[in-house]
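Okay, structure first, notes after.
From a predicted model like this one, the values you see are computed outputs, not experimental measurements.
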Amino acid sequence: MLGLAPAGTHPAGSAVATETDDQAEGPSRASIARLERAIARLDGATASILGRGARLDPETETALLAIVGEVSMGLLDEAAARSEDLATRLAEGI
């Protein structure tokens, strides 16, 4: 005879959350501020390129999509690092 699992237990094959307390609290203010600064630099760099009538190259567009993906997954430090690197590359004309 099959019975119900006692409260607080998880039958085999069930999904359970594995977040740590830090992850559950969300991103830190420092991470958010870093990302905001990086995005502001990136915005200025892309505006400068587009303002001259030039287009963004496919590598830049791919990096921008990666940044959007990282932000949507809550990977703000990774998104900030990628944004900083991309802004530097664009500002240096690399």
Side-chain angles (χ1 to χ4, degrees):
M1 179 172 147
L2 296 175
L4 296 174
T9 63
H10 304 282
S14 67
V16 294
T18 58
E19 288 184 339
T20 64
D21 288 340
D22 290 341
Q23 291 170 321
E25 291 176 10
S28 69
R29 289 183 185 198
S31 293
I32 294 169
R34 179 181 176 208
L35 179 60
E36 288 176 341
R37 285 189 306 273
I39 293 297
R41 282 188 58 218
L42 188 54
D43 182 48
T46 56
S48 175
I49 292 168
L50 297 173
R52 294 189 308 258
R55 296 180 57 119
L56 299 176
D57 62 77
E59 184 180 325
T60 299
E61 290 178 348
T62 299
L64 291 170
L65 288 172
I67 292 164
V68 170
E70 289 167 340
V71 170
S72 71
M73 293 187 309
L75 304 172
L76 301 191
D77 289 328
E78 291 84 347
R82 188 181 305 271
S83 297
E84 292 163 348
D85 292 344
L86 182 57
T88 298
R89 186 173 65 82
L90 293 175
E92 293 173 353
I94 300 173

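Linking Ile, Leu, Val, Met, Phe, Trp and Tyr residues whenever their side-chain heavy atoms come within less than 4.5 Å places L50 and I67 in a single cluster.
Side chains of L64 and L56 form a contact here, defined as non-hydrogen atoms less than 4.5 Å apart. Taking the side chain as every heavy atom from C-beta outward, R34 and L76 never approach each other to under 4.5 Å.
Of the inter-residue distances, the one linking R89 atom CZ with L42 atom CG reads 10.0 Å to the nearest 0.5 angstrom. To the nearest 0.5 Å, atoms CG (D43) and CD (E36) are separated by 12.5 Å.
Closest heavy-atom contact between A38 and E84: CB-CG, 3.6 Å. Taking every heavy atom of both residues into account, A79 and E70 meet most closely at CA-OE1, 3.1 Å.
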*Could you go through the side-chain contact (heavy atoms from CB on, under 4.5 Å) check for T60 and I49 one step at a time?*
CA-CA 11 Å; T60 299; I49 292 168; over 6 Å; no
_Residues R37, S83; criterion side-chain hydrogen bond (donor to acceptor under 3.5 Å, both in side chains); working and verdict_ = CA-CA 9 Å; R37 285 189 306 273; S83 297; over 6 Å; no
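Tested against P27 for a side-chain contact (heavy atoms from CB on, under 4.5 Å), the candidates L75, V71, I32 yield a single pass: I32.
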